[in-house]
Amino acid sequence: MPELPEVETVARQLAPRVTGRQVRALRIVDPLLRRGSVPVVAGRKVEDVKRSGKRVLFELSPRRGRRDRLWLAVHLRMTGRLLWRGGEERRPRPRHRARFTMDGGELLFADTRRFGTFDWYRRREDAAPGGVEPLSDDFTVARLVDLLGASPQELKPWLLRQDRIVGLGNIYASEILHRARLSPFRPAGSLTRKEARRLRDATRRILERAIANCGTTFSDFQDARGVEGSYQQFLAVYDGAGEPCRRCRTPIVRNVQQQRSTFHCPACQQWP
DNA sequence: ACCCTCCTGTCA
DNA sequence: TGACAGGAGGGT
């Protein structure tokens with residue numbers, strides 16, 4: 001469940017449950033998750049939980065009598081999930097890669113495909129991602145035009161890059177381009193200012209609506225405490241090859257760009 | 001600027 | 001059995 005709206009949803013649901021709690025122990029079950037050394041976490045308090053790009057960022061207090069504040073960025077990748085289990089939970093634990101034991105409950109990191117990562121930072125500025133947050137005030141038309149530059153890269157793969165704009169993934173990139181009526185095959189650098197404005201506005205609108213609906217959930221394999229999105233009912237093109245375009249009824253087409261599916265309407269997303 | 005790979009599960 | 005899956009780092 002890993003694009004910006006889904007990660008935002010996870011962070012929002014998690015924050016009130018774990019903020020203020022003290023971590024008693026961290027057990028990393030899957031050795032793949034411990035690249036390099038893992039800092040001491042026991043005894044620290046969770047002071048903040050928020051989204052940063054596509055990652056969930058935990059701010060952990062210094063240990064008693066020290067000033068070694070710590071940040072943990074959890075990247076969910078394709079299948080990662082953060083599950084809070086209150087102290088009264090009696091059902092068996094689901095399979096997981098890491099477990100934080102806290103006052104009053106435990107936080108599990110479950111991740112079937114095991115692509116997810118933990119990254120530890122000693123300084124807040126190191127924990128921030130590279131690109132601009134698309135929902136921040138920094139994401140202006142001028143900024144977008146500047147980022148697009150003269151890039152020859154096709155627009156859709158360009159949107160997936162995290163070093164310019166953070167948070168977009170395969171679903172929302174297609175949805176955004178459809179809303180903006182831009183071809184996914186256009187060179188990113190070929191947009192006019194007017195088109196860049198459409199792209200900026202569509203990006204914001206789609207992401208905001210997706211967040212308002214707690215993101216997109218495929219299949220139905222969420223645990224009781226897991227996050228369940230409802231934005232899938234608003235998807236205009238993603239996973240809809242052959243379905244009529246909501247604007248013009250032309251059948252949606254699936255293509256592959258950089259080994260990933262792209263969905264678009266060949267009629268209202270033309271590039272002459 | 002591309003292809004491959006990491007890993008597991010599901011579906012046709 | 002092979003294709004595909006919401007991601008991205010590494011190599012060429």
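By convention in this document, chain letters (A, B, ...) are assigned in the order of the sequence lines, proteins followed by strands, and residues within each chain are numbered from 1. Predicted, not measured: the structure shown is a model, and the values here were computed from it.
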(message) Counting C-beta onward and ignoring hydrogens, is there a side-chain heavy-atom pair between A/Arg260 and A/Lys156 closer than 4.5 Å?
(response)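 Heavy-atom side-chain distance check passes, below 4.5 Å.
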
(request) Specify the residue among A/Gln259 and A/Arg95 whose closest nucleotide of DNA chain B lies further upstream toward the 5′ end. (result) A/Gln259

(message) Go nucleotide by nucleotide along DNA chain B from the 5' end; which of A/Glu154 and A/Arg113 gets its closest nucleotide reached first?
(response) A/Glu154

Identify whether any heavy atom of [X] sits under 4.0 Å from a base atom; if not, whether one sits that close to sugar-phosphate; answer base, sugar-phosphate or nothing.
X        : value
A/Ser261 : sugar-phosphate
A/Gln162 : sugar-phosphate
A/Pro157 : nothing

(request) Assess whether side-chain contact (heavy atoms from CB on, under 4.5 Å) is satisfied between A/Val237 and A/Arg246, documenting all intermediate values. (result) CA-CA 9 Å; A/Val237 289; A/Arg246 297 185 177 195; over 6 Å; no

(message) If you compare every side-chain N and O of A/His75 against the phosphate oxygens of C/dG7 (OP1, OP2), does one of them come in below 4.0 Å?
(response) no

(request) Go through the N and O atoms of the side chain of A/Arg114 and the base of B/dC7, and report whether any donor-acceptor pair is under 3.5 Å. (result)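 Answer is no: no donor-acceptor pair is held.
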
(message) Could you check whether the side chain of A/Arg260 and the base of C/dA5 have a donor-acceptor pair of N or O atoms closer than 3.5 Å, going by distance alone?
(response)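 Not at all, since no donor on one side and acceptor on the other fall under 3.5 Å apart.
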
(message) Without decimals, in angstroms, what is the distance between A/Leu33 CG and B/dC7 P?
(response)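 To the nearest whole Å, that distance equals 14 Å.
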
(message) Taking the P atom in each of B/dG9 and C/dA8, what is the distance between them to the nearest angstrom?
(response)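 The same atom, P, in both gives a distance of 22 Å.
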
(request) Determine whether the side chains of A/Tyr172 and A/Thr216 contain a donor N or O and an acceptor N or O closer than 3.5 Å. (result) yes

(request) Verify whether one side chain among A/Gln269 and A/Ser183 offers a donor that lies under 3.5 Å from an acceptor in the other. (result)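 No, no side-chain donor-acceptor pair sits under 3.5 Å.
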
